[in-house]
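First up is the structure itself, then whatever we jot down about it.
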Amino acid sequence: MKKTLLASAFVIIVGGGAAFWILSAPTPLEAGALGALEVPSAERGEQVFWAGGCASCHARPGADGDARLELAGGVELKSDFGTFVAPNISTHSEDGIGNWSEMDFANAMLRGISPDGEHYYPAFPYPSYARMTAQDVSDLFAFLKTLPEVEGQAGEHQLSFPFTMRRGVGLWKLAFMHDEPVVPLTTDASEAEKRGRYLVEGPGHCGECHTPRNFAGGQLYDQWLAGAVSAEGEGIVPNITSGEGGIDSWSTGDIAYYLESGFTPEFDSVGGAMVSVQKNMAHLAKEDREAIAAYLKSVPARANGYPSSR
């Protein structure tokens with residue numbers, strides 16, 4: 001009887017381990033995924049760069065002006081799971097991504113997979129970037145290749161077990177990552193609303209900060225953009241829906257002007273982590289800022305997604 005129980009336990013353990021290994025395996029893009037694209041455009045890629053907020057994490061902490069194009073990394077992203085350090089993504093061949101292929105870059109952006117075939121941690125907002133078009137990713141890569149090499153690695157993540165096990169991220173992806181739009185638009189939605197949805201839900205990755213999360217770090221899509229407790233545990237990231245406490249009193253013009261200038265309708269100015277984001281948004285075409293505003297006003301109104309005591 002004892003031998004039978006031990007044998008059964010062994011089978012269960014081995015079977016569970018095999019299931020974990022299979023289900024958590026990285027799933028890269030198919031070999032021909034980039035084959036039908038237009039010739040990459042660095043000019044278009046620059047707009048994707050600013051929409052995607054690349055400089056906010058990958059420029060040196062506190063960088064300003066042209067220094068925001070020196071993508072040395074080093075920004076620390078603190079969370080309940082540990083501290084993640086944004087890497088060097090400059091064109092340096094050893095310390096950055098200078099030796100990456102276009103497919104390496106596309107797998108990182110759209111699937112969260114490294115050139116070595118490992119899962120990236122979702123502190124890198126690929127769950128949002130997964131909604132981007134392959135053409136935008138290709139154009140972004142073309143632009144990044146025009147930027148300067150920066151020597152030096154940014155440092156290692158500061159994590160404790162079990163979060164040091166990257167393979168487990170594969171199960172997290174199965175549970176929380178998808179490339180479908182979050183907000184279904186009506187059949188008569190304007191082109192501006194459609195474009196705004198793409199920018200906000202995809203490259204802009206606004207939901208990564210403005211949407212509350214569950215215990216495992218997955219976004220609560222039924223509270224999309226309702227605001228959240230800051231990932232660092234202090235302060236809040238505001239509600240940007242038209243719900244009470246959000247941007248209900250802001251017009252689309254107010255939102256677009258805020259993204260351009262950093263000034264609110266109440267004549268307050270942008271602060272905190274949003275300072276860097278607004279600098280990015282100021283580089284976008286006027287039509288894209290207006291599209292973001294149009295989409296935000298179409299998002300279902302939600303009550304604040306964080307405790308009122310904060």
Side-chain angles (χ1 to χ4, degrees), residues 42-78 84-91 96 109 123-125 128-129 132 136 139-144 146-148 150 154 195-196 198-211 225 227-228 230-232 235-240 247 250 252-296:
E43 183 177 358
R44 292 195 304 258
E46 181 176 5
Q47 285 291 288
V48 180
F49 176 86
W50 296 118
C54 307
S56 294
C57 286
H58 294 285
R60 293 185 182 90
D64 201 7
D66 289 344
R68 300 187 79 220
L69 299 178
E70 297 174 2
L71 304 179
V75 170
E76 294 188 351
L77 305 171
K78 298 179 181 179
F84 299 92
V85 181
N88 182 331
I89 61 165
S90 77
T91 51
M109 292 288 292
F124 169 30
S128 294
Y129 293 158
M132 292 174 63
D136 272 359
D139 291 340
L140 174 58
F141 189 55
F143 175 69
L144 291 178
T146 71
L147 300 182
V150 183
R195 174 65 175 167
Y198 174 75
L199 290 169
V200 170
E201 298 187 9
H205 62 278
C206 304
E208 299 288 341
C209 289
H210 287 277
T211 299
L225 302 184
S230 171
E232 297 190 7
I236 57 95
V237 181
N239 182 344
I240 55 172
I247 55 172
W250 290 32
T252 55
D254 291 334
I255 298 169
Y257 183 69
Y258 172 73
L259 296 176
E260 178 186 11
S261 68
F263 290 103
T264 73
E266 295 80 24
F267 304 103
D268 196 1
S269 60
V270 63
M274 191 64 192
V275 171
S276 180
V277 176
Q278 186 275 318
K279 287 181 179 179
N280 300 331
M281 295 292 104
H283 286 278
L284 296 185
K286 176 175 179 287
E287 293 77 14
D288 278 347
R289 289 191 294 270
E290 292 172 346
I292 290 170
Y295 167 74
L296 290 178

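All heavy atoms count here, side chains included; hydrogens, waters and symmetry mates do not.
Checking side-chain atoms of H210 against main-chain N and O of V237 turns up no donor-acceptor pair under 3.5 Å. The backbone N or O of Q47 sits nowhere less than 3.5 Å from a side-chain atom of H283 that would complete a donor-acceptor pair. Between the side chain of R44 and the main chain of D136, no donor-acceptor pair closer than 3.5 Å is present. Put simply, the side chain of Q278 never gets that close to the backbone of G271: no donor and acceptor are under 3.5 Å apart.
Heavy atoms only, all atoms of each residue included: G52 and H205 are closest at O-CE1, 3.0 Å. A pairwise comparison of heavy atoms in L225 and T211 identifies N-OG1, 2.9 Å as the closest pair. When all heavy atoms are compared, the tightest approach of A154 to A72 is CB-O, 3.8 Å. Taking all atoms of both residues into account, the shortest heavy-atom contact from A67 to A59 is O-CB, 4.2 Å. Across P61 and G73, no two heavy atoms sit closer than the pair CD-O, 4.0 Å.
Looking at residues two or more places apart in sequence or on another chain, you find no salt bridge (charged side-chain N to carboxylate O under 4.0 Å, His left out) involving E46. Taking Y257 as the reference, E260, S261, F263 meet the side chain to side chain contact (heavy atoms under 4.5 Å, CB included) condition, with sequence neighbours excluded. Applying the side chain to side chain contact (heavy atoms under 4.5 Å, CB included) criterion to P265, with sequence neighbours excluded, gives W250, D254. Among residues two or more places apart in sequence or in another chain, the salt bridge (charged side-chain N to carboxylate O under 4.0 Å, His left out) test is passed with R195 by D288. In this structure, the side-chain hydrogen bond (donor to acceptor under 3.5 Å, both in side chains) partners of N88, at least two apart in sequence or on a different chain, are S90. In this structure F141 satisfies the ring pair (Phe, Tyr, Trp, His ring centres under 6.0 Å) test together with F105, sequence neighbours excluded. With sequence neighbours excluded, the residues satisfying side chain to side chain contact (heavy atoms under 4.5 Å, CB included) with T252 are A293, K297. Partners of S56 according to the side-chain hydrogen bond (donor to acceptor under 3.5 Å, both in side chains) rule, which considers only residues two or more places apart in sequence or in another chain, are S276, N280. For F49, the ring pair (Phe, Tyr, Trp, His ring centres under 6.0 Å) test picks out F143, with sequence neighbours left out. With sequence neighbours excluded, no residue forms a side-chain hydrogen bond (donor to acceptor under 3.5 Å, both in side chains) with E43. Annotation: side-chain hydrogen bond (donor to acceptor under 3.5 Å, both in side chains) contacts of E208 (sequence neighbours excluded): S128, R213, Q219.
In this structure, CE on M281 lies 13.5 Å from CD1 on I255, to the nearest 0.5 angstrom. Rounded to the nearest 0.5 angstrom, I247 CD1 and I240 CD1 are separated by 6.5 Å. To the nearest 0.5 Å, atoms SG (C209) and CD1 (I236) are separated by 12.0 Å. Atom CD1 of residue I292 and atom CG of residue L284 lie 5.5 Å apart, to the nearest 0.5 angstrom. Here CG of L259 is found 12.5 Å from NZ of K286. Values are rounded to the nearest 0.5 Å. C206 SG to L296 CG: the interatomic distance, rounded to the nearest 0.5 Å, is 6.5 Å.
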Apply side chain to side chain contact (heavy atoms under 4.5 Å, CB included) to the pair F124 and Y129, showing each step before the final yes or no.
CA-CA 9 Å; F124 169 30; Y129 293 158; 3.6 Å; yes
Going through the checks in order, is the side chain to side chain contact (heavy atoms under 4.5 Å, CB included) test met by L144 and L71? CA-CA 9 Å; L144 291 178; L71 304 179; 3.7 Å; yes
Exercise. Are E201 and Y295 close enough, and set up right, to give a side chain to side chain contact (heavy atoms under 4.5 Å, CB included), and what steps lead you there?
Worked result: CA-CA 10 Å; E201 298 187 9; Y295 167 74; 2.6 Å; yes
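Applying the salt bridge (charged side-chain N to carboxylate O under 4.0 Å, His left out) definition to pairs two or more places apart or across chains, those involving residues 267-284 are D64-K279.
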